[in-house]
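Whatever order the structure lists ligands and atoms in, that order sets their numbers, starting from 1.
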Amino acid sequence: MIIFNRIKTNLSLIFSKDLCKELPTIAKNIKKYREKLDISQDKLSKLADIAYNVIIKIESGATLNPTIETMAKIAKGLGVSIDDLMKYIMESEKNLVVKNTQNGKGVFAIKKFGKGEIIFEFHGKFFTYKELPTPYNGVEDHYVQLGENLYMGPSGGIDDYFNHSCSPNTGLKINSKKVFLIAVEKINEGDEITWDYSTTMDENDWEMDCECRSKNCRHRIRDFKYLPRDIQQRYLSLGIVPKYISRNF
Ligand SMILES: [Zn+2]
């Protein structure tokens, strides 16, 4: 089995080399830590309790979207924190820029991202429903619902400028209190980074007009439960609907 995997690795390495594909930073980070600790991929798979070919796929760039759970296991196997392993995300603002748009400010990519790549980690403070300011004005005041009774407030940083789109190119993935923006399609340099606010909304008492101008614009940003069925299904299959909502669908 191991021999088979090694052949596969070599093939995938040749494959990526042929395409001149740059390895994702997460792959480079794992390799960097492995080399520093002098741990083979085989040993890491045992330490992290992850299948050998999963490690191979991530390190070779064949898997661009490892789950947060997998990343946590790899971090544990390497004896580093998930934050250290994913440090590049904290530095990811280098890959993004805030610019003025027709509807105020927005965040734009200054490099390409592949589907499934982590684009950003949010850093705002958490609030319960009771702790929210009144009158509560939802995402217009940069508050995002992230749990049944959990909201993230503005960070004062780039976090506050990701706009909504009814045809988004990213989605939110939440793992306990870590919140990431993940590309749901290929993103080119210069593209605005957007996500569909409805994917995390189960607010019942708050909604807003939409001026995203996408051809699929729904004109009103409302709770996930009010989205058309096909859009709900698409977001659920992309894994960008948090559990407090997806468990009801
Ligand atoms: Zn819209």
Side-chain angles (χ1 to χ4, degrees), residues 65 92 95-110 112-122 124 132-133 135-148 150-155 157-174 179-246 248-249:
N65 53 346
S92 64
N95 300 327
L96 304 168
V97 65
V98 177
K99 287 202 287 196
N100 288 318
T101 71
Q102 288 162 313
N103 301 325
K105 288 180 173 170
V107 182
F108 292 78
I110 48 179
K112 284 182 186 172
F113 292 94
K115 184 178 176 182
E117 259 194 88
I118 298 172
I119 290 185
F120 189 75
E121 181 182 356
F122 286 88
L132 291 172
Y136 170 57
N137 204 12
V139 280
E140 282 177 1
D141 285 343
H142 309 296
Y143 284 84
V144 178
Q145 188 180 12
L146 295 175
E148 220 171 346
L150 189 69
Y151 295 76
M152 185 182 269
S155 79
I158 210 166
D159 313 44
D160 303 345
Y161 302 107
F162 290 99
N163 286 320
H164 162 91
S165 171
C166 299
S167 300
N169 52 15
T170 71
L172 252 65
K173 285 211 181 185
I174 305 171
V179 186
F180 300 98
L181 257 191
I182 314 279
V184 295
E185 61 184 35
K186 202 178 132 210
I187 295 173
N188 288 315
E189 203 178 320
D191 287 353
E192 183 174 3
I193 308 288
T194 56
W195 63 283
D196 189 330
Y197 293 166
S198 291
T199 53
T200 70
M201 282 172 61
D202 194 25
E203 309 243 10
N204 293 312
D205 59 352
W206 184 84
E207 48 183 75
M208 70 184 275
D209 283 336
C210 184
E211 290 168 23
C212 78
R213 294 163 202 249
S214 79
K215 67 177 194 310
N216 304 319
C217 184
R218 305 185 299 268
H219 307 292
R220 190 89 182 139
I221 306 171
R222 308 176 71 201
D223 286 355
F224 183 84
K225 58 179 167 280
Y226 302 126
L227 288 177
R229 192 90 186 110
D230 57 327
I231 297 177
Q232 286 176 341
Q233 284 306 323
R234 182 165 171 265
Y235 289 156
L236 287 164
S237 67
L238 285 168
I240 54 169
V241 183
K243 277 187 196 126
Y244 65 94
I245 294 178
S246 67
N248 300 320
F249 289 85

TODO: Could you list the residues that satisfy side chain to side chain contact (heavy atoms under 4.5 Å, CB included) with Arg234, not counting sequence neighbours?
DONE: Leu238
Task: Greater than 12 external heavy atoms within 6.0 Å of Glu211's CD - done: no
- [ ] Please confirm whether the backbone N or O of Asp191 pairs with a side-chain atom of Glu189, one donor and one acceptor, at under 3.5 Å?
- [x] no
Task: Donor-acceptor under 3.5 Å (Asp160 side chain, Ser155 main chain) - done: yes
TODO: Please identify each residue that fulfils salt bridge (charged side-chain N to carboxylate O under 4.0 Å, His left out) with Asp202, with sequence neighbours left out.
DONE: Lys225
Task: Environment of the Zn ion (ligand 1) in terms of protein N/O/S atoms, cut-off under 2.8 Å - done: Cys166 SG, Cys210 SG, Cys212 SG, Cys217 SG
Open item on the list: Could you work out, with side chain to side chain donor-acceptor pair (under 3.5 Å) as the rule, every residue matching Ser246, not counting sequence neighbours?
Closed with: none
